[in-house]
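Each chain gets a letter, A, B and so on, in the order its sequence line appears, and its residues count up from 1.
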Amino acid sequence: MLDILQSVIPTALFYSAPLIFTALGGVFSERSGVVNIGLEGLMVMGAFVGIVFNLTFSDVLGVWTPWVSIIVAMVVSAIFSIIHAVASVSFHASQVVSGVAINMLALGIGVYLTKQWYGKGQTDMVNQPFYTTNIPILSDIPIIGSIFFEGIYITSYIAIAFAFIAWFLLYRTPFGLRLRAVGEHPMAADTNGINVPRMRYIAVILSGALGGIGGSVFALTIASNFSHSTIVGQGFMALAAVIFGKWHPLGAMGAALFFGFAQSLSVIGSSIPLLENVPQIFLLIAPYVLTILALAGFIGRAEAPKANGVPYIKGSR
Amino acid sequence: MEYVIEMLNIRKEFPGIVANDNITVQLKKGEIHALLGENGAGKSTLMNVLFGLYQPEQGEIRVKGEKVNITNPNIANELGIGMVHQHFMLVEPFTVTQNIVLGSEPTKKSGVIDIERARKDIKEISDRYGLKVDPDAKISDISVGMQQRVEILKTLYRGAEVLIFDEPTAVLTPQEIHELMDIMRSLVKEGKSIILITHKLKEIMEVCDSCTVIRKGKGIGTTDTSTTNVNELASLMVGREVNFNTVKTESHPKETVLKIENLVVKDSRKVDLVKELNLEIRAGEIVGIAGVDGNGQSELIEAITGLTKSVSGKIELKSKNITNKTPRKVTESGIGHIPQDRHRFGLVLDYSIGENMVLQTYYKKPYSKAKVLNYKEILNKAEKLIQEYDVRTPSVHTPARALSGGNQQKAIIGREVDRSPDLLIAAQPTRGLDVGAIEFIHKKLIEERDKGKAILLVSFELDEIINVSDRIAVMFDGKIVAEVKPEETNEQELGLLMAGSKVKAGESNVTE
Amino acid sequence: ACGGGSDEEETTDSTNSGDDAATEEEGSAEYSIAMVTDQGGVDDKSFNQSAWEGMQAWGEEHGLSRGNGFDYAQSGSQADFMPNITRLVRDEYSLIFGTGFLLQEDLQKAAEQFPDTKFALVDAIVEAPNAVSVTFKEHEGSFLAGVAAASKTTTDKLGFVGGIDSPLINKFEAGFIAGAKSMNPAIEVDVQYAETFDDPSKGKLIASNMYSNDIDIIFHASGGTGNGVFNQAKDIKQNDPEREIWVIGVDRDQHEDGEINDQNVTLTSMIKRVDVAVQEVANMLTNDQFPGGEILEFGIEEEGIAIAETNTEAMTEEIVNTVNEWQEKILNGEVEVPQTREELETFESSL
Amino acid sequence: MLQNKLFTVLVPIISVFLGLLAGAIIMLVSGFNPIEGYTALWNGAFGDSYTLGETIRRTTPYILTGLSIAFAFRTGLFNIGAEGQVIVGWLAAVWVGLAVDAPMYIHLPLAIIAAGIAGAFWAFIPGILKAKLGVHEVIVTIMMNYIALFITNDIIRNVLTDRQTTTEAIPASASLASDWLQSITFYSRVHYGILIALFAAVMMWFIIQRTTIGYELKSVGYNGHASRYAGMNVSKNIVLSMVIAGTFAGLAGAMEGLGTYGTISVMSGFPNMGFDGIAVALLGANTALGVVLAAFLFGALKEGAGEMPTGAGVPTELVDIIIALIIFFVASSYIIRWVLLRFKKEGK
Ligand SMILES: Nc1ncnc2c1ncn2[C@@H]1O[C@H](COP(=O)(O)OP(=O)(O)OP(=O)(O)O)[C@@H](O)[C@H]1O
Ligand SMILES: Nc1ncnc2c1ncn2[C@@H]1O[C@H](COP(=O)(O)OP(=O)(O)OP(=O)(O)O)[C@@H](O)[C@H]1O
Ligand SMILES: [Mg+2]
Ligand SMILES: [Mg+2]
């Protein structure tokens with residue numbers, strides 16, 4: 001049992017980290033009332049920038065390369081997400097449409113530039129990715145240490161920390177109160193003197209930043225390079241985590257961890273005595289079936305922020 | 001002079017319409033000033049201009065004699081102008097405190113919202129003006145009257161000197177209205193000034209010092225309430241004489257149409273809201289249900305119409321059991337329903353007014369055949385109803401959303417009455433409407449009664465209950481606690497009964 | 001940025017090629033060949049790339065340049081195969097390659113529709129008089145990979161990560177297991193399929209699980225999914241440079257993908273010389289010996305399959321010698337390498 | 001009113017123009033000749049009868065997935081699951097194509113119907129979960145996509161074939177392909193499915209605009225409370241909407257299985273028709289005619305893109321960028337309208 005946990009938990013953690021970051025971005029955006037189908041595209045942009053930057057500057061930056069890479073990816077994706085903000089906040093575009101366009105645009109730009117710059121459809125592997133480490137002191141704790149703190153990517157713990165920071169921001173600070181108000185009842189927020197478009201811009205840009213981190217963390221911990229198939233569906237899984245987690249940062253984190261856990265279990269299943277004889281197909285679909293069962297069984301109805309997806313146009317109702 | 005607010009020659013246009021055409025309003029310090037006008041006259045628009053939600057095309061606003069430019073609500077707040085909106089501007093999942101401090105939150109050094117301080121500040125204000133609220137309650141859990149107090153607290157918390165109330169009483173019960181009046185008086189006593197929009201002339205006469213009348217976007221003039229009367233105000237506003245006393249002949253009730261026995265309804269939290277209720281309505285009579293909001297009226301109606309399942313008891317329509325039938329079955333068996341919340345239930349706002357006219361009948365001939373809609377018939381019908389019920393709309397193709405509240409209501413009434421149901425349930429049918437529209441709707445209800453229909457009227461307006469009903473059932477705590485004749489009662493007595501006291505022996509207490 | 005030089009080169013070169021007339025002139029005079037890639041594209045570091053390299057080498061030999069005498073059409077998805085093939089047919093290429101078994105259906109159809117054009121399909125079978133099938137004896141190479149792994153392992157536990165569970169990938173699986181067990185029947189091989197060729201996170205999850213279960217060498221035949229396998233191996237190596245774990249690459253020499261600090265986790269790679277095969281077939285065409293209707297199988301003997309020895313430190317002389325021994329046995333028919341799971345069973349019971 | 005109609009036409013045209021303009025600028029900046037690039041794009045899509053045929057073929061499933069998503073949208077549902085519904089529809093069509101032996105007038109309709117039913121069933125699950133338990137359809141449909149992919153692969157391998165990756169080709173009696181169509185288009189794979197797709201578009205228009213079913217579905221989408229008040233069964237309508245949407249997507253799968261390929265292969269990833277369908281639906285403003293036009297635009301651009309690398313050296317991804325930009329411009333029509341109004345005012 002201990003063995004199983006020891007292999008399931010660290011893998012679940014690295015699988016979940018990119019989803020957590022991105023889902024947190026989704027939470028910010030949707031809490032402010034801007035639906036973000038474009039998470040996938042924001043991750044693509046993050047992965048692309050993270051890899052390209054890493055490849056280009058690893059000679060200069062050495063071991064700091066991956067850290068600087070995710071920061072650059074964060075900044076570029078944040079800037080990229082402004083397109084979504086402009087379309088859906090200022091131009092009153094349908095947010096779903098704009099998000100779909102973000103997805104296509106990011107992939108188009110990423111692969112187009114890869115071909116332009118590298119002359120081929122995929123980059124080389126980076127030689128400064130993130131590596132796992134044992135967390136000092138904590139990893140020496142008996143049992144727990146080896147399960148949770150050995151062979152762990154620090155980015156996974158940063159992701160979890162970010163979830164708590166996001167929770168703090170959203171539920172304890174004026175900024176969070178305003179952001180949530182804007183997503184529930186923008187007109188009320190407006191009459192209270194809150195600048196609705198500004199809040200929504202900030203939220204969307206935050207989602208871009210977090211999506212960028214998510215994508216680059218994926219690329220630098222798992223994929224090692226960038227191509228058209230680096231990010232395929234992770235953004236949608238992050239979106240699912242947002243909804244599964246009921247638009248709550250900790251909920252979204254929990255959902256992302258659940259996905260990671262289920263995926264990890266489905267891979268490890270064949271070496272668990274109990275699951276050994278289960279046909280592979282059932283293990284393969286298990287993560288997805290479990291998600292549906294969890295939703296249908298005990299998570300149930302999730303109420304979206306009331307104004308989610310509705311452009312705010314002053315003076316109309 | 002000592003005007004705190006002056007709006008001079010304001011003009012505000014919307015695409016295709018001049019909502020405010022050269023209107024002037026002047027508010028003195030420490031007075032309550034009424035704004036009066038028909039639905040769609042431009043009152044809300046004018047106040048939204050003052051509050052910075054709209055920019056006027058023309059005109060000037062002065063605060064304490066100084067010309068100001070109010071481009072957004074923040075500036076209005078800074079100038080000491082606060083507004084209690086017609087549709088509450090409250091964030092439902094938030095608590096009372098969160099709603100009040102939203103946008104100007106007190107913080108600790110760490111940047112965290114200082115809820116303790118907020119609570120203390122709110123308590124201070126609410127004690128001072130007699131606005132009792134539970135600071136930790138969620139908005140979705142408190143009554144409409146309570147929500148309104150939160151709205152008032154919001155403005156006071158921001159240090160408002162001038163308060164704008166846009167139709168605050170439309171959604172309140174008589175008790176709540178009474179309390180609100182007291183609050184307004186105490187506000188004025190503390191040196192605040194108030195602009196009050198209302199369609200209820202009696203309220204104007206009761207609390208206001210002066211009144212500005214607006215008709216079709218134009219300012220008609222300002223009078224002191226001490227020098228005018230209800231009839232004069234009404235004719236100024238509508239442009240003709242208005243008859244307040246609903247003309248109504250004696251009723252001649254015939255066979256029983258609706259019979260409710262021992263009905264029990266629970267809400268989603270499994271609390272009994274209707275408790276062993278009994279009620280009978282006969283053909284050719286209007287039964288009014290008087291009661292304070294939240295005593296089970298809505299649940300009673302929802303149970304009759306099939307929108308909620310009842311736990312036990314029996315509902316019969318013309319001797320046919322309709323208990324727990326689907327809304328479709330209930331409708332087909334002969335019930336019409338003018339719902340209390342017209343935006344939520346009454347209309348599909350994104351459908352055209354024409355499409356809304358067949359909301360319950362679209363699947364029947366001649367509106368459709370073999371599941372194919374016949375738009376010609378539908379539009380013909382809609383045109384006819386629009387004519388007959390004087391629904392003011394540019395065309396049958398206009399989305400229902402774009403109609404004024406009064407016209408939306410007339411459309412619903414037209415639709416429901418036209419189906420000629422044996423029982424017509426009218427819940428708050430005149431809420432938020434101007435006197436002209438109210439007169440029209442009352443006339444229609446009585447006409448239906450005279451055609452031999454049974455009518456169940458639920459209203460918080462005791463005026464309305466007394467004027468329109470043939471029989472009044474008082475509802476309290478999920479039960480009918482008393483039945484009285486309108487000729488034999490008055491508002492005071494009803495008020496007491498509604499509060500649950502069983503004074504006045506001699507009156508018939510039907511239940512139990 | 002990186003590779004700036006090469007991109008300019010490509011640009012100018014392809015701009016020239018926009019001229020279709022030129023293609024036809026040259027093409028009609030001489031033979032011209034072209035290829036349709038699968039989703040991987042010509043730079044997939046795998047068989048598409050290898051095929052393209054073969055084509056380029058052939059072009060150089062005949063003094064041709066891209067667009068004049070040879071070219072490729074890249075497919076973004078399955079839906080692009082047929083349009084790409086047809087486009088090349090209409091551009092009057094004399095021989096059209098399809099790379100990857102995914103193109104089988106479409107190439108088969110095209111071969112029937114265009115009897116005047118010659119076709120060649122890499123990795124699968126087409127049945128038409130104007131088409132040749134180019135297949136590889138991957139099982140042979142995989143067998144040698146298994147031999148190498150068995151010689152190297154210290155835990156006697158090996159792993160195999162497949163892309164999609166399919167007859168083609170089964171050949172790798174069967175050969176690998178057969179090779180390992182021939183060395184030592186007690187060796188266990190854990191087989192897992194990711195069910196996708198491009199999900200590195202699946203690859204990493206599987207590898208992580210395998211390595212933590214004492215498996216010390218993983219052979220992957222899973223395209224981009226394998227990136228995750230390399231990633232995991234390198235991560236372990238980074239943390240514990242002493243630990244002896246390896247990856248065996250596939251299709252081309254994946255030596256550079258295994259570099260970590262000054263070590264390398266790539267033990268060897270099972271190389272498929274698609275370039276050799278392409279050149280060979282193209283030459284048959286120019287010599288008017290196009291073997292239409294035949295199946296050309298490239299194995300060790302035909303130099304279509306090889307085992308990389310780049311990592312000289314890991315592939316000790318001893319191991320190389322053992323591998324060569326078994327290679328001999330395969331060449332002289334002493335060992336018949338199984339290609340399917342059924343054949344593997346028989347093979348194992350004969351050990 | 002008239003002005004509105006004019007805008008409805010003008011906005012997409014301007015958007016396409018702006019998208020292409022942006023594409024040209026990108027080509028210029030990256031050192032390509034935009035004229036060559038667009039010539040290649042045009043030739044790749046409409047150059048001759050073959051490319052035209054292929055463009056139509058590519059358009060066919062886009063119409064159906066676009067309709068699927070548009071239809072659900074009209075009832076206020078977001079069907080991200082078209083992807084999975086396409087896959088199961090494809091599987092069902094080929095399965096019936098292979099398993100049944102019957103004359104064409106029975107076999108072909110049967111295979112098509114099977115695809116529709118499979119897609120409908122795949123959409124029924126999220127529909128019923130939404131209707132009965134309030135589970136958000138977006139997550140369920142995303143999960144159903146993966147389940148469809150893996151189960152379909154497994155069935156192809158273990159049921160339809162003996163551990164092969166591609167099934168045999170379906171017999172002619174179940175095929176939508178047509179020798180005649182192929183012969184007039186230089187062996188393009190255009191097939192009769194386009195007629196089915198266009199018919200489906202007409203059906204969607206008819207159902208939504210002309211029937212009581214459409215009236216109910218839209219009503220539920222706009223205002224569930226009022227619909228219930230009016231006697232409509234909200235749950236039933238949610239399920240029905242998903243089922244119809246799923247049927248359309250399932251038919252898109254039939255187009256591939258019975259028309260384009262005649263087989264089904266193990267897939268390493270999603271075929272993306274469902275995801276592209278989202279863009280098609282939204283570009284087409286969720287109306288039947290809009291979807292048909294948007295699908296055609298999409299099909300032409302994607303088909304033409306294939307010619308760009310060979311014809312002008314431009315990476316095909318440029319077309320994705322262009323499509324994305326067109327979608328942005330259409331979505332931001334508010335600003336285009338605003339600019340147009342400005343122009344008009346100044347013109348006066
Ligand atoms: N946002 C808007 N867009 C377009 N027209 C509007 C808008 N708001 C108001 N109007 C128009 O302005 C007119 C005045 O509306 P307003 O809300 O001021 O009426 P009101 O006097 O408050 O009515 P009521 O008594 O029903 O509240 C209406 O007839 C309406 O046509
Ligand atoms: N988006 C809009 N487009 C056109 N007219 C509008 C719009 N929003 C509001 N109006 C107009 O504003 C006027 C008044 O709106 P208001 O919110 O005051 O409603 P109301 O008539 O008081 O009804 P109720 O009290 O039931 O909400 C209506 O006459 C309506 O025509
Ligand atoms: Mg108003
Ligand atoms: Mg009103």
Side-chain angles (χ1 to χ4, degrees), chain A residues 3-4 6-8 10-12 14-15 18 52-53 55-56 111 113-127 129-134 150-151 153 218-225 227-230 232-234 260 263-271 280-281 283-285, chain C residues 1-11 37 39-45 48-49 74 76 165 190-213 223-225 227-228 230-232 234-240 254 256-261:
Chain A
D3 272 8
I4 295 170
Q6 218 162 349
S7 46
V8 168
T11 49
F14 83 65
Y15 185 94
V52 169
F53 185 87
L55 284 170
T56 315
V111 180
L113 289 182
T114 303
K115 286 186 176 171
Q116 279 289 327
W117 290 345
Y118 298 97
K120 51 190 179 181
Q122 58 194 12
T123 69
D124 293 328
M125 283 195 176
V126 293
N127 46 30
F130 283 109
Y131 292 110
T132 56
T133 46
N134 295 345
E150 245 180 63
Y153 286 99
F218 181 87
L220 293 174
T221 54
I222 295 170
S224 308
N225 73 348
S227 74
H228 70 99
S229 62
T230 302
V232 273
Q234 290 93 330
Q263 281 293 353
S264 170
L265 211 59
S266 103
V267 164
I268 283 159
S270 57
S271 57
Q280 169 131 37
I281 176 70
L283 291 175
L284 266 175
I285 61 172
Chain C
C2 329
S6 73
D7 99 49
E8 256 161 52
E9 217 174 76
E10 264 230 1
T11 315
T37 73
Q39 285 94 321
V42 286
D43 38 42
D44 65 348
K45 297 187 187 166
N48 284 304
Q49 182 170 346
Q74 185 135 343
D165 193 353
D190 185 8
V191 175
Q192 286 226 28
Y193 281 85
E195 277 307 294
T196 160
F197 283 108
D198 45 36
D199 185 354
S201 60
K202 264 276 175 57
K204 188 172 162 85
L205 279 171
I206 295 173
S208 156
N209 184 36
M210 286 182 170
Y211 285 131
S212 65
N213 284 342
T225 301
N227 283 1
F230 276 99
N231 181 303
Q232 181 63 19
K234 289 196 281 191
D235 182 66
I236 294 175
K237 202 77 180 170
Q238 166 80 16
N239 281 301
D240 186 359
Q254 290 197 275
E256 60 167 334
D257 293 342
E259 280 169 19
I260 166 84
N261 303 327

Peer 1: Is C/I260 in contact with chain A via its backbone, its side chain, both, or neither, using a 4.5 Å heavy-atom distance?
Peer 2: side chain
Peer 1: Once you round to the nearest 0.5 Å, how far does NZ of C/K204 lie from OH of A/Y15?
Peer 2: 13.5 Å
Peer 1: Any chance the side chains of C/N227 and A/S224 put a donor and an acceptor closer than 3.5 Å?
Peer 2: no
Peer 1: With a 4.5 angstrom heavy-atom cut-off, could you sort out which part of A/T123 is near chain C: side chain, backbone, both or neither?
Peer 2: backbone
Peer 1: Under a 4.5 Å cut-off applied to non-hydrogen side-chain atoms, are A/F14 and C/D235 in contact?
Peer 2: no
Peer 1: What closest approach, in Å, do A/Q280 and C/Y193 show between heavy atoms, and which atom pair accounts for it?
Peer 2: NE2-O, 3.4 Å
Peer 1: Could you list the residues that satisfy salt bridge (charged side-chain N to carboxylate O under 4.0 Å, His left out) with C/D190, not counting sequence neighbours?
Peer 2: none
Peer 1: At a 4.5 Å cut-off on heavy atoms, which part of C/S201 comes close to chain A: side chain, backbone, both, or neither?
Peer 2: both
Peer 1: Without swapping roles, check the side chain of C/N239 against the backbone of A/T132 for a donor-acceptor pair under 3.5 Å.
Peer 2: yes
Peer 1: Minimum heavy-atom separation for C/Q192 and A/V267, please, with both atom names.
Peer 2: NE2-O, 3.1 Å
Peer 1: Once rounded to the nearest 0.5 Å, what's the spacing between atom CG of C/D198 and atom CD of A/Q122?
Peer 2: 10.5 Å
Peer 1: With chain C, which of A/L284, A/N225, A/I222 has the greatest number of heavy-atom pairs at distances under 4.5 Å?
Peer 2: A/I222
Peer 1: With sequence neighbours excluded, tell me which residues meet side chain to side chain contact (heavy atoms under 4.5 Å, CB included) with A/F53.
Peer 2: A/F57, A/L61, A/V68, A/S69, A/V72
Peer 1: Are C/N209 and A/T11 close enough that a side-chain donor and a side-chain acceptor fall under 3.5 Å?
Peer 2: no
Peer 1: With a 4.5 angstrom heavy-atom cut-off, is it the side chain or the backbone of C/N213 that approaches chain A, or both, or neither?
Peer 2: side chain
